[in-house]
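Bear in mind that the values here come from a model prediction, so they are computed numbers and not experimental data. Reminder, nothing fancy here: chain letters follow the sequence lines and each chain counts from 1.
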2 protein chains.
Amino acid sequence: MVHHSGVERTFAALADPTRRAVVERLGRGSATISELAEPFGISLTGMKKHVLVLEGAGLVVTEKVGRARRCTLAPYAFEGVTTWLQRLDRFAAVVERTKGR
Amino acid sequence: MVHHSGVERTFAALADPTRRAVVERLGRGSATISELAEPFGISLTGMKKHVLVLEGAGLVVTEKVGRARRCTLAPYAFEGVTTWLQRLDRFAAVVERTKGR
DNA sequence: GGAATGGTGAACCATTGGGTTCAGTATTAC
DNA sequence: GTAATACTGAACCCAATGGTTCACCATTCC
């Protein structure tokens with residue numbers, strides 16, 4: 001319930017297709033950087049950056065386990081952004097409703 | 001209900017603070033390019049570009065009225081993106097639930 | 001008609017962003 | 001101890017993005 005508001009970083013993070021795919025992947029269970037990188041044919045360094053962005057957006061949490069880094073989908077990850085959208089969605093609904101007048 | 005899937009452009013469009021503010025502004029009623037540009041101290045050309053991006057994302061519809069261009073929040077604008085998020089939100093919930101085991 | 005208003009399009013510029021490679025460091029396996 | 005694994009950091013590259021100005025077209029106002 002905490003999570004620093006910032007809808008800002010969340011949208012930016014989700015704007016990239018690779019990052020969205022990573023989020024979906026993590027939705028099916030946690031993974032290491034290499035496990036995440038492999039299916040994209042991307043370098044470890046590259047994936048590391050993506051994970052960093054996702055972490056900065058509060059969408060993913062990571063923990064170093066031995067030499068690997070375990071990445072997990074953050075709880076309440078999308079709370080801020082869904083709230084923002086639902087509010088606007090309501091606005092849009094009103095616009096739509098009053099349009100036919 | 002139509003709206004060409006593309007969660008892609010939507011997130012990218014909403015990643016920019018100016019564009020989010022424009023969307024919120026349009027949530028309180030339609031506006032022209034100049035009306036949108038003024039509060040940001042941004043050039044007309046600059047705002048035009050933003051509106052173009054929002055239009056490309058299906059979030060806004062515009063119509064030329066005389067020499068002005070009327071911009072309106074699109075109906076069902078956030079449908080795709082909220083669907084995407086709700087699905088992931090459910091994943092996140094599961095992750096959270098199974099974590100305590 | 002002429003001036004002001006509102007929007008466009010083209011060209012340019014600075015920053016950011018996604019990606020790389022290369023040279024490490026820390027763990028784990030043999 | 002040596003080798004392989006997994007990540008990390010620094011430096012760099014190129015394309016995309018947010019912004020500008022300038023010149024121009026179309027409408028509206030006097």
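- Along DNA chain C, the nucleotide nearest K49(A) and the nucleotide nearest K48(B) are compared for position; the residue whose nucleotide lies closer to the 5' end is K48(B).
- For K64(B), the side-chain atoms get nearest to dT8(C) when compared with the rest of dA4(D), dT5(C), dT8(C).
- Between the C1' atom of dA16(D) and the CG atom of D16(A) lies a distance of 12 Å, rounded to the nearest Å.
- With hydrogens and angles ignored, the 3.5 Å screen pairs no side-chain donor or acceptor of R69(B) with any backbone N or O of I33(B).
- Taking atom CD of residue E63(A) and atom P of nucleotide dT8(D), one finds them 12 Å apart after rounding to whole Å.
- Regarding H50(B), its NE2 atom lies at a distance of 15 Å from the P atom of dT8(C), rounded to whole Å.
- Between the CG atom of L36(A) and the C1' atom of dA6(D) there is a distance of 13 Å, given to the nearest Å.
- Rounding to whole angstrom units, CE of residue M47(B) and P of dT20(D) are separated by 10 Å.
- Using a 4.0 Å heavy-atom cutoff across all strands shown, G66(A) reaches sugar-phosphate atoms only and no base atom.
- Using a cutoff of 4.0 Å between basic side-chain nitrogens and carboxylate oxygens, R9(B) and E55(B) are not scored as salt-bridged.
- For R69(B), whose side chain is taken as the heavy atoms from C-beta onward, the closest listed nucleotide among dT20(C), dT8(C), dT27(C) is dT8(C).
- At the heavy-atom level, R19(A) lies under 4.0 Å from the strands shown only through sugar-phosphate atoms.
- Using cut-offs of 30° and 60° for the angle between ring planes, the W84(A) and F78(B) rings count as perpendicular.
- Between L52(B) atom CG and dG18(D) atom P the separation is 12 Å, expressed in whole Å.
- Using a 4.0 Å heavy-atom distance criterion, L44(A) is classed as a base contact.
- Remark: P of dA6(D) and CZ of R70(A) are 12 Å apart, rounded to the nearest angstrom.
- Closest to the side chain of S43(B), from the set dT21(C), dG18(D), dT20(D), is dT20(D).
- At a threshold of 4.0 angstrom between heavy atoms, the contacts of T45(A) include nucleobase atoms, whether or not backbone atoms are also involved.
- In this structure, CG in L36(A) is found 10.5 Å from NE2 in H50(A), a value given to the nearest 0.5 Å.
- Remark: P of dT17(D) and CZ of F11(B) are 17 Å apart, rounded to the nearest angstrom.
- When each of dT8(D), dA4(C), dT20(C) is scored by its nearest atom to the side-chain atoms of R67(B), the top-ranked nucleotide is dA4(C).
- Residues E35(A) and R70(A) meet the side-chain proximity criterion, which asks for heavy atoms closer than 4.5 Å.
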